[in-house]
A.B. asks: 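Before I ask anything, here is the structure I am working with.
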Amino acid sequence: MVKDVWPYLTVGLVVTAILALTAPLGAAVAAGLVTLGVASFFRDPWRDVPSDRRLILSPADGRVVRISPEGAAAGEMRVSIFLSVFNVHVNRAPVAGRISGIQYSPGSFLPAFRHKASELNEQNLITLQTERGPLAVKQIAGLIARRIRCWKRTGDAVAQGEKIGFITFGSRVDLFLPARTELKVAEGDRVRGGTTVIAVYTGEPGASS
């Protein structure tokens, strides 16, 4: 589990203990089950990350809800992934590189499956500089998710598939693909962070994207 679980887990365990001493058994059991559910949300399973640097991996678990053109250059794409409360919410670096910028923007808390959430909701844009040019990941809060965590700072080097952040309770993650990449997923596909291949670079390292 990620360390962010402890405030929630502590409160849940305390409430469960109090109810066990002062309330009917059913109330304590219900509180205990809710606490277990919250703990499950913060799970952080091990992933077998591919080592091929041509691959662009999924930054999150969830379902691809939208693929759309992005930017002025031909071939640039945005892949939007919706994370339900049942998905793992750890975010991962889709490629190896160095973080060149982190831009946090406050906003609304629309349901994360709505496409307007990508522009209007609270969000955190992480830009990576790679051997093949820039690539960006956007963490987006949802209706229930009210806390975005980024575990990295500008200037940090990250490995492909490395954990970079977490979003609490249902969210959305957008991946911005540069030109000269070949898409490997479609809308409706289920993806897993750090293992599912979203796209493959078609150009050589150092080539203009």
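Everything quoted here is computed from the prediction, not taken from an experiment.
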A.B. asks: Closer than 3.5 angstrom, by distance alone: can the side chain of Thr196 be matched with the main-chain N or O of Arg192 as a donor-acceptor pair?
C.D. replies: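 Answer holds: yes.
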A.B. asks: Report yes if some heavy atom in the side chain of Leu83 is under 4.5 Å from a heavy atom in the side chain of Val173; otherwise report no.
C.D. replies: yes
A.B. asks: Do Ile126 and Ile99 come within less than 4.5 Å of each other through their side chains, counting heavy atoms only?
C.D. replies: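 The answer is yes, as the side chains (C-beta and beyond) meet within the 4.5 Å cut-off.
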A.B. asks: Provide the closest heavy-atom pair for Leu175 versus Pro59 in the form atom of the first, atom of the second, distance.
C.D. replies: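 Result for this residue pair: CD2-CD, 4.1 Å.
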A.B. asks: Could you go through Leu57 and Val197, starting from their C-alpha distance and side-chain angles, then the distance that decides it, and tell me whether this counts as side chain to side chain contact (heavy atoms under 4.5 Å, CB included)?
C.D. replies: CA-CA 5 Å; Leu57 305 179; Val197 177; 4.1 Å; yes
A.B. asks: If you compare all heavy atoms of Cys150 against all heavy atoms of Ile102, which two are closest, and at what distance to 0.1 Å?
C.D. replies: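 Residues Cys150 and Ile102, closest heavy atoms: SG-CD1, 3.9 Å.
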A.B. asks: Which distance, rounded to the nearest 0.5 Å, do you find between the CG of Leu135 and the OG of Ser100?
C.D. replies: 10.0 Å
A.B. asks: When hydrophobic residues are tied together by side-chain contacts of less than 4.5 Å, even through go-betweens, does Val158 share a cluster with Phe176?
C.D. replies: no
A.B. asks: Please check if the side chain of Thr202 supplies one atom and the backbone of Arg180 the other of a donor-acceptor pair under 3.5 Å.
C.D. replies: yes
A.B. asks: To the nearest 0.5 Å, what is the distance between CD1 on Ile167 and CZ on Arg149?
C.D. replies: 12.0 Å
A.B. asks: I'd like to know if the side chain of Ser118 pairs up with that of Arg172 as donor and acceptor (distance under 3.5 Å, no hydrogens or angles considered).
C.D. replies: yes
A.B. asks: Compare every heavy atom of Phe82 with every heavy atom of Asn87, then report the nearest pair and how far apart it is.
C.D. replies: OD1-O, 4.1 Å
A.B. asks: Locate the shortest heavy-atom distance separating Pro50 from Leu55; write the atom from each residue and the value.
C.D. replies: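 Shortest heavy-atom separation between Pro50 and Leu55 comes out as CB-CD1, 3.9 Å.
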A.B. asks: Is it true that Glu187 and Arg63 have a side-chain N and a carboxylate O under 4.0 angstrom from each other?
C.D. replies: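 No, this pair does not count.
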A.B. asks: Mind running side chain to side chain contact (heavy atoms under 4.5 Å, CB included) on Trp151 and Lys163 for me, showing each step along the way?
C.D. replies: CA-CA 8 Å; Trp151 298 333; Lys163 291 174 280 191; 3.9 Å; yes
A.B. asks: Identify the heavy atoms of Gln123 and Ile140 that sit nearest to each other, and give their distance.
C.D. replies: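 Looking at all heavy atoms of both residues, the closest pair is CB-CG1, 4.2 Å.
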A.B. asks: Kindly work out whether a path of hydrophobic side-chain contacts (I/L/V/M/F/W/Y, heavy atoms less than 4.5 Å apart) joins Val137 to Val49.
C.D. replies: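 Val137 and Val49: separate clusters.
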A.B. asks: Assess whether side chain to side chain contact (heavy atoms under 4.5 Å, CB included) is satisfied between Tyr201 and Val95, documenting all intermediate values.
C.D. replies: CA-CA 11 Å; Tyr201 283 110; Val95 294; 4.0 Å; yes
A.B. asks: Just checking Arg47: does its CZ atom have more than 12 heavy atoms from other residues, nucleotides or ligands closer to it than 6.0 angstrom?
C.D. replies: yes
A.B. asks: Between Arg78, Arg66, Lys138, which is the residue that forms a salt bridge (charged side-chain N to carboxylate O under 4.0 Å, His left out) with Asp174?
C.D. replies: Arg78
A.B. asks: Within this structure, what is the CZ-CZ distance for the pair Arg53 and Arg132, rounded to the nearest 0.5 Å?
C.D. replies: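 Output value for this atom pair is 8.5 Å.
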A.B. asks: Should Ile56 and Val200 count as side-chain neighbours, where that means a heavy-atom distance under 4.5 Å?
C.D. replies: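 In short, these two side chains do not touch, never coming nearer than 4.5 Å.
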A.B. asks: Ignoring hydrogens and angles, state whether a donor on the side chain of Gln139 or Asn91 is under 3.5 Å from an acceptor on the partner side chain.
C.D. replies: yes
A.B. asks: For Leu128 versus Pro94, what's the shortest heavy-atom pair and its separation?
C.D. replies: CD1-CD, 4.1 Å
A.B. asks: Counting only heavy atoms not in Gln103, do more than 12 sit closer than 6.0 Å to its CD atom?
C.D. replies: no
A.B. asks: Let me confirm one number: the CD-CZ distance from Glu182 to Arg54, rounded to the nearest 0.5 Å.
C.D. replies: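 That separation rounds to 10.0 Å.
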A.B. asks: Do Tyr104 and Glu122 have side-chain N/O donor and acceptor atoms under 3.5 Å apart?
C.D. replies: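 A pair is found: one side chain offers a donor N or O, the other an acceptor, under 3.5 Å apart.
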A.B. asks: At what distance, to the nearest 0.5 angstrom, does CG of Leu125 lie from OG1 of Thr127?
C.D. replies: 4.5 Å
A.B. asks: Answer yes or no: is there an ion pair linking Asp61 with Arg92, defined by an N-O contact shorter than 4.0 Å?
C.D. replies: no
A.B. asks: Would you call the rings of His89 and Phe166 parallel, tilted or perpendicular, taking 30° and 60° as the class edges?
C.D. replies: tilted
A.B. asks: With side chain to side chain contact (heavy atoms under 4.5 Å, CB included) as the criterion, how do Val64 and Val191 come out once you've worked through the C-alpha distance, each side chain's angles and the decisive distance to 0.1 Å?
C.D. replies: CA-CA 7 Å; Val64 177; Val191 295; 3.9 Å; yes
A.B. asks: Starting at OG1 of Thr181, measure out to CD1 of Ile198 and round the result to the nearest 0.5 Å.
C.D. replies: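 Answer for the OG1-CD1 pair, Thr181 versus Ile198, is 11.0 Å.
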